[in-house]
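The structure under discussion appears below in the form of structure tokens.
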Amino acid sequence: MTSFVPPLTRLMLALCCLVSVAVAAPAQTLHEINKANGFHEMLMAIGPGFIAAVKSAPETPPQKVQDALAAAMEGAFDANKMEAAIESRMADKLPAQDLSDLASFYASPLGKHVTALEIQASTPEERQRKTIEGPKIMGELPSRDPARLALYKKLVDDLSAVDTGEAVALNMGYAMLSEMLGAAGKPLPDDQIMALLRQRSEGLRHDIETDVMASVAYIYRDLPLDDLKLYKTFLTSPAGSHYYDQMQVALGAVMTNEARSFGHRFFVALGYRKA
């Protein structure tokens with residue numbers, strides 16, 4: 001379990017850095033909104049991101065475990081399935097005015113500009129570059145551009161990105177750990193599982209906050225400060241905040257279910273439990 005939890009922090013960046021895709025006309029339904037802001041593309045990156053996170057663990061697992069992980073990943077974190085489940089959970093949670101406001105932003109010049117920056121940063125090459133350049137940019141901001149740094153911090157705080165990331169990571173870790181312990185015939189009470197999980201994920205919140213801030217600093221490094229302020233205004237507007245609040249709750253629940261299902265398939269593949 002030690003190798004699972006810290007790498008999961010990399011997946012939490014998606015909660016505050018959703019990829020956006022510009023559309024020619026305003027969308028009017030939740031599905032169209034999710035299509036307009038690149039939500040499906042973000043979901044498609046979760047599976048590969050999970051695999052990359054597991055592979056990045058310091059210790060190399062035995063071949064049997066690697067094969068089991070590969071088998072367990074088949075069908076795990078499927079973007080289409082997750083999208084349908086998330087939209088089902090979000091159904092009727094947003095009024096028509098919110099959807100209209102969201103659609104208008106994503107079709108606006110600023111929405112399209114932010115979209116271009118986020119799409120550019122979403123490629124595999126840019127994601128790797130972001131992990132190197134993001135911390136460097138963050139290290140320079142206190143002296144070079146404290147106003148931008150303060151705005152980044154306010155944006156992350158207003159979106160509760162770190163709180164949400166920590167909660168999702170812990171819930172996913174709990175789901176996998178409880179499933180694995182049960183499959184191994186060593187079930188534990190919930191409080192003991194959470195205590196074990198927190199012990200093994202020490203520094204999780206700090207890692208999430210560091211990664212989120214570095215990612216934000218890299219993606220929006222060339223966005224004029226006035227535009228960044230306008231983007232923050234949208235994200236914290238009634239429509240923006242309602243949408244992201246509901247999306248984060250639904251995404252967290254669906255990812256937790258996927259983690260539990262992954263844990264089950266993993267132990268089936270190891271031969272510890274029947275399918």
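Quick note: residue numbers are just sequence positions, from 1.
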Is there a path of hydrophobic side-chain contacts, each under 4.5 Å between heavy atoms of I, L, V, M, F, W or Y residues, that connects [X] with [Y]?
X	Y	value
Leu149	Leu235	yes
Phe77	Val249	no
Leu69	Met73	yes

Return yes if some donor-acceptor pair links the side-chain N/O of [X] with the main-chain N/O of [Y] below 3.5 Å, else return no.
X	Y	value
Ser108	Phe105	yes
Thr236	Lys232	yes
Ser100	Ala96	no
His113	Pro109	no

Taking the six-membered ring for Trp and the full ring for Phe, Tyr or His, determine whether the centres of Tyr220 and Tyr231 are under 6.0 Å apart. yes
Would you say the ring centers of Phe234 and Tyr243 fall short of 6.0 Å from each other?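 Distance test on ring centres: not under 6.0 Å, no.
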If I compare all heavy atoms of [X] with all of [Y], which pair ends up nearest, and what's the gap?
X	Y	result
Ala76	Ala72	CB-O, 3.6 Å
Lys112	Tyr106	CG-O, 4.1 Å
Asp101	Ala239	CB-CB, 3.7 Å
Phe266	Ala68	CE1-CB, 3.7 Å
Tyr152	Ala217	CE1-CA, 3.6 Å
Ile86	Ala250	CG2-CB, 3.8 Å

Please report the interatomic distance [atom1]([X]) to [atom2]([Y]), rounded to the nearest 0.5 Å.
X	Y	atom1	atom2	value
Glu166	His206	CD	NE2	12.5 Å
Leu223	Arg148	CG	CZ	6.5 Å
Phe39	Glu83	CZ	CD	7.0 Å
Gln248	Leu159	CD	CG	6.5 Å
Met247	Ile33	CE	CD1	12.5 Å
Arg89	Lys93	CZ	NZ	8.5 Å

Intermediate values then yes/no, side-chain contact (heavy atoms from CB on, under 4.5 Å), Leu141 and Met138: CA-CA 5 Å; Leu141 282 178; Met138 277 298 298; 4.1 Å; yes
Under the criterion salt bridge (charged side-chain N to carboxylate O under 4.0 Å, His left out), I'd like the reasoning laid out for Lys154 against Asp158: C-alpha separation, chi angles, the key distance, then a yes or no. CA-CA 6 Å; Lys154 189 67 167 60; Asp158 287 345; 2.9 Å; yes
How far apart are the C-alpha atoms of Lys81 and Asp78, what are their side-chain angles, what is the distance that settles it, and do they pass the salt bridge (charged side-chain N to carboxylate O under 4.0 Å, His left out) test? CA-CA 5 Å; Lys81 182 178 68 174; Asp78 178 78; over 6 Å; no
Go through the steps for Val168 and Leu251 under the test side-chain contact (heavy atoms from CB on, under 4.5 Å), then give the verdict. CA-CA 9 Å; Val168 172; Leu251 176 62; over 6 Å; no
Verdict with reasoning, Arg260 to Thr256, per side-chain contact (heavy atoms from CB on, under 4.5 Å): CA-CA 6 Å; Arg260 181 177 293 107; Thr256 297; 4.2 Å; yes
Go through Leu230 and Asp226 one step at a time and tell me if the side-chain contact (heavy atoms from CB on, under 4.5 Å) criterion holds. CA-CA 6 Å; Leu230 290 174; Asp226 287 344; 5.7 Å; no
Given the rule in the salt bridge (charged side-chain N to carboxylate O under 4.0 Å, His left out) test, do Arg205 and Asp163 qualify, once you have shown the distances and angles that lead to the verdict? CA-CA 8 Å; Arg205 183 178 181 85; Asp163 291 339; 2.7 Å; yes
Relative to Tyr218, does Arg221 satisfy both conditions: NZ or CZ under 6.0 angstrom from the six-membered ring centre, and within 45 degrees of the ring's axis?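 Flagged: Arg221 positioned over aromatic ring of Tyr218.
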Mark yes when over 12 heavy atoms from residues, nucleotides or ligands other than Met44 sit less than 6.0 Å from its CE; otherwise mark no. no
Does atom CD of Gln128 have more than 12 heavy-atom neighbours, drawn from other residues, nucleotides or ligands, at distances under 6.0 Å? no
Passing option when Ser261 is tested against His264, Arg265, Glu258 for side-chain hydrogen bond (donor to acceptor under 3.5 Å, both in side chains):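 Only one option passes, and that is Arg265.
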